[in-house]
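Everything numeric in this text was worked out from a predicted model, so none of it was measured. Values reported hereafter were calculated over all heavy atoms of this structure, with side chains retained and with hydrogens, waters and symmetry mates removed. Throughout, a chain's letter reflects where its sequence line sits, starting with A, and its residues are numbered from 1.
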Amino acid sequence: MTLTPQERMKIPRHPLPAQPPELRVQCFAEVALGYDEQTAREEAMRCLQCKRPYCVDGCPVAIDIPGFLKEIVAGNIDVAAAIIKKTNSLPSICGRVCPQETQCEERCVLAKKGQPVAIGALERFVADYDRRYRLTKPEVTVKASGKKIAVVGSGPAGLTAAGTLAQMGHAVTIFEALHEPGGVLVYGIPEFRLPKEIVREEVSSLLDLGVEFNLNVLVGRTLTIDELFAAGYSAVFLAPGAGVPQFMGIPGENLNGVSSANEFLTRVNLMKAFLFPEYDTPVYCGKHVAVIGGGNTAMDAARTAKRLGPEKVYIVYRRSEKEMPARREEIEHAKEEGIEFMCLTAPVAYHSNSRGWVEEMECIRMELSEPDESGRRRPVPVPNSNFRVPVDTVIVAIGAKTNDLIVKTTGGLTVAKKGYLLVDPETQMTTRPGIFAGGDIAGGEATVIAAMGQGRVAAHSIHRYVLERG
Amino acid sequence: MAKILEKKELAPRTHYLRVHAPVIATHARPGQFVIIRLHEKGERIPLTIADSDSSVGSITLIVQEIGGTTKQIALLRTGDDIRDVLGPLGAPSEIENFGTVVLLGGGFGIAAIHPIAKALRQAGNTIISIVGARTKHLLIMEREMQAVSHEFVVMTDDGSYGRMGLVIEPLREMIEQGRAIHRVVAIGPLPMMRAVAELTRPHGIPTVVSLNPVMVDGTGMCGGCRVTVGEHTKFACVDGPEFDAHLVNFDELAARSRMYREFEELHVCRIEERLQQHEVPQGVAGQ
Ligand SMILES: Cc1cc2nc3c(=O)[nH]c(=O)nc-3n(C[C@H](O)[C@H](O)[C@H](O)COP(=O)(O)OP(=O)(O)OC[C@H]3O[C@@H](n4cnc5c(N)ncnc54)[C@H](O)[C@@H]3O)c2cc1C
Ligand code: FES
């Protein structure tokens, strides 16, 4: 069936079905439900197949978007999957967590009318279909190179680099500090947004490619990079993320009841504290929860808290909702779930009861002034606007910084601003030959897709590097 | 998986485990610790590396039964596996020739003080050790401590062995007698470490304590282990666990250590229930 552009433009965007809010806040099952085949096809038909597809420019890994959408319409989901996987090895993850509204979908010509093609939802559809029917399967088609490559960290950057290198015939070992691979995908992003089953499948497909996982190894303490080279690894890819939680440094931040989003989310996601006492790890969540921040981490923490049964959950954010860096869908989902937004508000202190537990959050109102270096309008406090809110739980989600353990224990690396590793953006090589880095440790977007993209670039330059050196 | 090569009870509710962990054994230095997780449903808890033997690839852990996980450890036997062992973690102790060092170990803190005493002795220090327990049969590692000490004092709260009183008493006397003390290292219950800090502060004796706050990952990723030292918030798992005792905010530390206590009690109840029903998770109780 061929439609004219006019006919295509008449089809309204298909919303992504989701579990009703009142049900989903009672469990950790995935919220967004995904398209069925028919809906996917109708949605894909909306694509105008532009000669000059701007959406591709918006994709950090330049997926041939019109190409895969066309195959969905033609019913060739396997071909669509193969097209996506040419540049994106984790599409079922990216289809769920990418900020499409600031990437591909923002550039879609239909976005001007506020109705871009639902590229993210369609990517997810293809990837899930591919997983369910096992249409594409990564395999090693070249002969073994005889080279050993070490990958530090098993987040999206590490997983992608490992998969790419393994397919090029190298023997890859991933060294991961935690007991489960996946990085933020397993300890940070909650089950209801990204089922862990998907991450486990990605890991198992790497195992099929011969990638070895060496868990419970903190590089810099258990082993150093120099020891890895001495053990015969020809190159090292550093992908340890930027996992150190930041605090604001305001009075009362170390009171009981105040924790970082990383701690809160790790307890719940990685350690399954929502199943305590069947699982041994507990998590504290009181009746009035304030989550500080406006990014994905803040939304995840707030929505996770909501599922643990408090009376009120607030998001406290110093700018206005428009500036929130979280994905639009998460903000909408959070609101639907009854999370209260306190925007243009910043905490200035936490006050405790006599037992050392947080009891009240003291806030100040903010207003927006000139844009700062991030291009967002800078929030400034409104004098004498302090007010207090009763809270017994505070979750701080204002961002993360890098861990300097590897830099301190490895010679020859150079740190750029904010602790990020300095890398050549063409190759992802650090200032020490043979050591490459990517993902959150190398700065940049702090998104899954950017981490993955850098992992892929690094894999290709590692391949060239080890072959050149014979 | 890490196999338990040897397990025995050192004192009631205090267990000795020698665990196969060859890479950790070759890298461990005094003052460092591991994070373990017993089984699929287990929590991650920190345990001090009390000793390591790189020739056989083993590390020694001394565990006191306090909470849910340590009670499960009590049930393990030689030959059982521990699902995850991560380490060595934390910054190693500062080991150099300071001169005369007084080491105080309280309760199962003695296990943590021992490797530090040994290393300080090797570095040429004069070692004065003061170890204490509530009562005689709870005292652990007496022989090992004596072997690395030039001077050795045992204290028990009830006077059933050694001198009666707290470990801080002999230290107070030594300071009063004007003995030259160049450094003090204290590891034990919070009130003991705090009392030592208060005692040495006016005399300006550099004093180090090893803190054991709540931890989750042990890699600097969660901030659950944060402590206030001087003006700064530090993460005990990466910046510590040893800190300048005179700068530690003990009030905050004491409050924070209570944060998960209620859960812990619930946890213990639940574990005991499990034990009664003989439904202990796999890998925890023998075969
Ligand atoms: C709660 C939360 C929600 C997010 N939501 C989104 C989203 O919706 N969309 C999006 O695009 N992005 C999101 N992000 C950001 C995204 O997850 C990160 O940008 C991405 O995971 C970075 O990938 P990475 O591979 O660099 O590192 P990470 O995913 O951080 O993985 C690093 C891994 O390295 C390990 N490691 C660290 N140090 C060592 C060491 N010394 N030795 C061995 N192993 C080590 C860590 O344990 C970890 O497993 C979110 C982040 C968080 C925290
Ligand atoms: S235990 Fe998580 S940061 Fe120290």
Side-chain angles (χ1 to χ4, degrees), chain A residues 176-180 183-184 187-188 214-218 220-224 227 240-247 249 253-267 270-273 275-284 352 355-357 396 400-405 408, chain B residues 2 21 23-24 27 32 34-45 67-69 72 83-91 214 216-228 232-233 235 238 249 251-256 258-260 262-264 266-267 269-271 273-274 281:
Chain A
E176 166 59 50
L178 294 174
H179 59 254
E180 203 175 314
V184 170
Y187 79 72
N214 216 334
L215 304 176
N216 296 315
V217 174
L218 181 64
R221 291 264 193 242
T222 315
L223 287 169
T224 62
E227 285 175 298
V244 179
Q246 280 184 299
F247 288 90
E253 226 170 6
N254 290 349
L255 289 172
N256 285 357
V258 184
S259 67
S260 74
N262 273 8
E263 179 182 353
F264 183 78
L265 290 169
T266 300
R267 284 176 181 275
L270 182 68
M271 307 308 296
K272 308 238 178 336
L275 298 174
F276 179 86
E278 184 197 340
Y279 279 72
D280 291 348
T281 306
V283 65
Y284 169 76
S352 71
R355 291 161 40 246
W357 284 79
V396 183
K401 49 190 182 189
T402 58
N403 192 324
D404 61 1
L405 180 60
K408 276 199 306 205
Chain B
V23 184
I24 302 177
H27 291 79
Q32 292 188 299
V34 290
I35 291 257
I36 66 149
R37 190 175 73 126
L38 290 180
H39 48 77
E40 209 33 66
K41 296 181 176 178
E43 63 179 335
R44 296 168 64 96
I45 63 155
T69 298
Q72 295 178 60
R83 179 151 185 129
D84 301 292
V85 182
L86 166 68
L89 301 175
V214 170
V216 183
D217 58 301
T219 69
M221 182 268 277
C222 79
C225 62
R226 61 199 192 281
V227 291
T228 300
H232 307 283
T233 291
F235 288 6
V238 287
N249 182 335
D251 281 333
E252 181 187 285
L253 187 60
R256 284 184 64 77
R258 286 192 294 268
M259 175 154 171
Y260 273 99
E262 280 165 38
F263 286 94
E264 196 52 61
L266 201 70
H267 189 189
C269 291
R270 166 71 195 180
I271 299 289
E273 223 171 82
R274 265 191 222 164

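Heavy atoms of A:Thr222 lying under 4.5 Å from chain B belong to its backbone as well as its side chain. Neither the backbone nor the side chain of B:Val34 comes within contact range of chain A; no heavy atom of the residue lies under 4.5 Å from a heavy atom of that chain. A:Glu180 does not touch chain B: none of its heavy atoms, backbone or side chain, sits under 4.5 Å away. In this structure, chain A has a heavy atom under 4.5 Å from the side chain of B:Arg226, while its backbone stays farther away. Looking at A:Val217, only its backbone comes within 4.5 Å of chain B, counting heavy atoms on both sides. No part of A:Phe264 comes within reach of chain B, as not one of its non-hydrogen atoms sits under 4.5 angstrom from that chain. In this structure, the portion of A:Leu255 lying under 4.5 Å from any heavy atom of chain B is its backbone and not its side chain.
Residue with the most contacts toward chain B among A:Val283, A:Leu270, A:Val396: A:Val283 (heavy-atom pairs, distance under 4.5 Å). The candidate from B:Val23, B:Leu86, B:Ile35, B:Val238 with the greatest count of non-hydrogen atom pairs under 4.5 Å with chain A is B:Leu86. Of the listed residues B:Thr228, B:Val85, B:Ile45, the one with more heavy-atom pairs under 4.5 angstrom with chain A than any other is B:Val85.
Remark: A:Arg221 engages no residue in a side-chain hydrogen bond (donor to acceptor under 3.5 Å, both in side chains) (not counting sequence neighbours). For A:Glu263, the salt bridge (Lys or Arg N to Asp or Glu O under 4.0 Å) test picks out A:Arg267, with sequence neighbours left out.
B:Thr233 places a side-chain heavy atom less than 4.5 Å from the side chain of A:Asn254. Annotation: side chain of B:Phe235 is in contact with side chain of A:Val244 (closest heavy-atom distance under 4.5 Å). No side-chain heavy atom of B:Glu43 sits less than 4.5 Å from a side-chain heavy atom of A:Tyr279. Here the side chains of A:Glu278 and B:Lys41 are in contact, with some heavy-atom distance below 4.5 Å.
The two residues A:His179 and B:Arg44 come nearest to each other via the heavy atoms ND1-NH1, 2.9 Å. Across all their heavy atoms, A:Asn216 and B:Asp84 have their closest contact at ND2-OD1, 2.8 Å. Shown here for A:Tyr284 and B:Tyr260, the closest heavy-atom pair between the two residues is N-OH, 2.9 Å. Closest approach of A:Val258 and B:Arg256 over heavy atoms only: O-NH1, 4.2 Å. Looking at every heavy atom in both residues, B:Cys222 comes nearest to A:Ser260 through O-OG, 2.5 Å.
Side chain of A:Asn262 to main chain of B:Met221: a donor-acceptor pair is present (N/O by atom type, distance under 3.5 Å, no hydrogens or angles). A distance-only check finds no donor-acceptor pair linking the side chain of A:Asn403 to the backbone of B:Gly220 [under 3.5 Å].
Within the model, atoms OG1 of B:Thr219 and CG of A:Leu178 stand 6.0 Å from one another, a figure rounded to the nearest 0.5 Å.
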